[in-house]
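Below is one structure, written out as structure tokens, with a few remarks after it.
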Protein chains: 2
Amino acid sequence: MGRWEPDAAGRLRQAALDLFVERGYEQTTVADIAGRAGVTERTFFRYFTDKREVLFAGANQLQDRIVAAITEAPEEQAPYDVVVDAMAAGGDVLEERREFARQRAAAIASHASLQERELLKLAALSAAAAQALRERGVAEAAAGLLAETGVALFRVAFERWVAAPGTPDLAACVREAAGELRAVAAEYPVHR
Amino acid sequence: MGRWEPDAAGRLRQAALDLFVERGYEQTTVADIAGRAGVTERTFFRYFTDKREVLFAGANQLQDRIVAAITEAPEEQAPYDVVVDAMAAGGDVLEERREFARQRAAAIASHASLQERELLKLAALSAAAAQALRERGVAEAAAGLLAETGVALFRVAFERWVAAPGTPDLAACVREAAGELRAVAAEYPVHR
DNA sequence: TATGCTGATGTCAGAAACTGACATCAAGGA
DNA sequence: TCCTTGATGTCAGTTTCTGACATCAGCATA
């Protein structure tokens, strides 16, 4: 047996989420989180750059999956479809952790400083997706707009998926939202 | 003459921007800002909820202008055109303060926590624009997407306007970006 | 087996951001 | 003249976050 319990970071993440749900983000100190995880405050800050980051440590995995999906898409596929498929693939990353995602989303919604961090992560995701699109030949301006559209689709889909108690999986929600965007685009054609 | 110099908030804003440019955001303490403005730290926190907010106090004015432009647009105007015009109108708010806007943008670009705050403000702007669109009868989903598109246009236009040393005004940059979006949309039609 | 290194953690002191409670005091009105 | 008001100051305290250094099980290696 090691000198310490393994996976301190995981324990910290779990403790933080539990405490944020139990008593709220502001009412939870880093010392509380560390205490519940069985480490000191200093150790918390070795794993996470700040108090908010403990909720966002998994965001890289989602981004990697989406970028990979864009990179590996068939060359002849239209850019819009590439993005929609990639966002659906990103959905699979969360599929197994719906309850976790629900609690985490509720915590984020409860405090502005967590929303700020979420927006920064989504902006990073968008930038990474845009870069991946450029690398497969999509024009500069189009890449940025497509990536932002894709992230917007993902956000809308995620909200519905988290709210819906029932069956639909996240990838399906992404495709549904993409379909609605097509309909809206058809309904309000660009003028002039 | 009053007991204190007038416009403490304005002095704090100016002192903060100057110091952020001179020595950087992190190297500037709230006590520094307050000192240069001739007040105490406590007074700083009476005017601004936190250190970042001192750079964003003017954001409401921009949002109000854009929302008003949407609300007052001719009823028969197509939603996309309403949004483009509103963002151009928002540009007029900044037109007289290009140098100020440049310095402020540079400061924000220099530190992630300021970018977070900026993203939150833009999200609020988007939400307010979407609400204004709904109130003039634009459908739920379309309102959200149009508002986000409009904010994206404004961001792109702002970046170019701030970078360009020369003549173009911000409203013109917004319209130019909107024209490019039309072109991109035509180039990559939605499939299926 | 002894020795020495490594890495994860602890301890401690301190800076900086922020908050609540209360004090001060010019200005302006009753 | 007295009272109230509002902007500010003072002060003490909490929380977040950082740097420097100590500890010590486990592992490699002599």
Side-chain angles (χ1 to χ4, degrees), chain A residues 1-57 107-108 110-118 120-121, chain B residues 1-57 107-108 110-118 120-121:
Chain A
M1 192 183 57
R3 186 172 175 188
W4 292 281
E5 290 297 306
D7 194 22
R11 267 151 41 219
L12 284 165
R13 272 194 292 271
Q14 189 62 53
L17 182 57
D18 292 346
L19 285 166
F20 291 168
V21 167
E22 279 173 32
R23 40 173 123 143
Y25 174 77
E26 280 207 281
Q27 281 62 50
T28 302
T29 70
V30 173
D32 293 335
I33 299 168
R36 183 170 292 200
V39 296
T40 53
E41 205 180 318
R42 193 66 185 83
T43 291
F44 178 97
F45 285 110
R46 288 203 177 91
Y47 283 104
F48 307 102
T49 56
D50 59 44
K51 182 181 168 185
R52 303 167 207 171
E53 197 63 19
V54 70
L55 273 184
F56 294 89
I108 291 172
S110 77
H111 205 274
S113 83
L114 294 171
Q115 293 161 39
E116 288 184 337
R117 181 57 50 85
E118 167 118 303
L120 192 69
K121 296 291 181 183
Chain B
M1 192 182 58
R3 185 174 177 189
W4 293 279
E5 291 297 306
D7 194 22
R11 268 153 39 222
L12 284 165
R13 272 193 293 270
Q14 189 63 52
L17 183 56
D18 291 347
L19 286 167
F20 292 168
V21 167
E22 279 174 32
R23 41 174 122 146
Y25 174 77
E26 280 206 283
Q27 280 61 52
T28 302
T29 70
V30 172
D32 293 336
I33 300 168
R36 182 170 292 201
V39 296
T40 52
E41 205 180 320
R42 192 67 184 85
T43 291
F44 178 97
F45 286 110
R46 288 203 178 91
Y47 283 103
F48 307 102
T49 55
D50 58 46
K51 183 181 170 187
R52 304 167 207 173
E53 196 63 19
V54 70
L55 273 184
F56 295 88
I108 292 172
S110 78
H111 206 274
S113 83
L114 294 170
Q115 292 162 39
E116 288 184 338
R117 182 58 49 85
E118 167 118 302
L120 192 68
K121 297 291 182 183

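Under the salt bridge (charged side-chain N to carboxylate O under 4.0 Å, His left out) criterion, B/Asp32 pairs with B/Arg23, not counting sequence neighbours. Remark: B/Phe45 engages no residue in a ring-ring contact (aromatic ring centres under 6.0 Å, His included) (not counting sequence neighbours). Qualifying salt bridge (charged side-chain N to carboxylate O under 4.0 Å, His left out) partners for A/Glu41, counting only residues two or more places apart in sequence or in other chains: none. Taking the side-chain hydrogen bond (donor to acceptor under 3.5 Å, both in side chains) definition, one finds that B/Glu116 meets it with A/Arg52, A/Arg117, sequence neighbours left out. Under the salt bridge (charged side-chain N to carboxylate O under 4.0 Å, His left out) criterion, A/Glu22 pairs with A/Arg36, sequence neighbours left out. In this structure B/Arg11 satisfies the side-chain hydrogen bond (donor to acceptor under 3.5 Å, both in side chains) test with no other residue, sequence neighbours excluded. Every residue two or more places apart in sequence or in another chain that forms a ring-ring contact (aromatic ring centres under 6.0 Å, His included) with B/Tyr25 is listed here: B/Phe20, B/His111. Residues passing the salt bridge (charged side-chain N to carboxylate O under 4.0 Å, His left out) test with A/Asp7, sequence neighbours excluded: none.
The structure places CG of B/Asp50 at 7.5 Å from CZ of B/Phe44, a figure rounded to the nearest 0.5 Å. With rounding to the nearest 0.5 angstrom, the CD atom of A/Glu118 is 12.0 Å from the OG atom of A/Ser113. One distance of note links CZ of A/Arg13 with CG of A/Asp18; it measures 13.0 Å at 0.5 Å rounding. Remark: B/Gln14 CD to B/Leu19 CG distance equals 10.0 Å, nearest 0.5 Å. A distance of 6.5 Å separates NZ in B/Lys51 from CD1 in B/Ile33, rounded to the nearest 0.5 Å.
Taking atom NE2 of residue A/His111 and atom P of nucleotide D/dT15, one finds them 14 Å apart after rounding to whole Å. The distance from atom CD of B/Glu41 to atom P of D/dC11 is 14 Å, rounded to the nearest whole Å. Rounded to whole Å, the distance from CH2 on A/Trp4 to P on C/dG10 is 7 Å.
Residues from residues 7-16 of chain B that place a heavy atom under 4.0 Å from any atom of DNA chain D, listed by number: B/Ala8. DNA chain C is contacted by B/Thr28, B/Thr29, B/Val30 of residues 18-40 of chain B, taking any non-hydrogen atom closer than 4.0 Å. Residues of residues 42-53 of chain B that place a heavy atom closer than 4.0 Å to DNA chain C, in numerical order, are B/Arg42, B/Phe45, B/Arg46, B/Thr49, B/Asp50, B/Lys51.
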Atom pairs under 3.5 Å: protein N/O with N/O of nucleotides 28-30 of chain C:
none

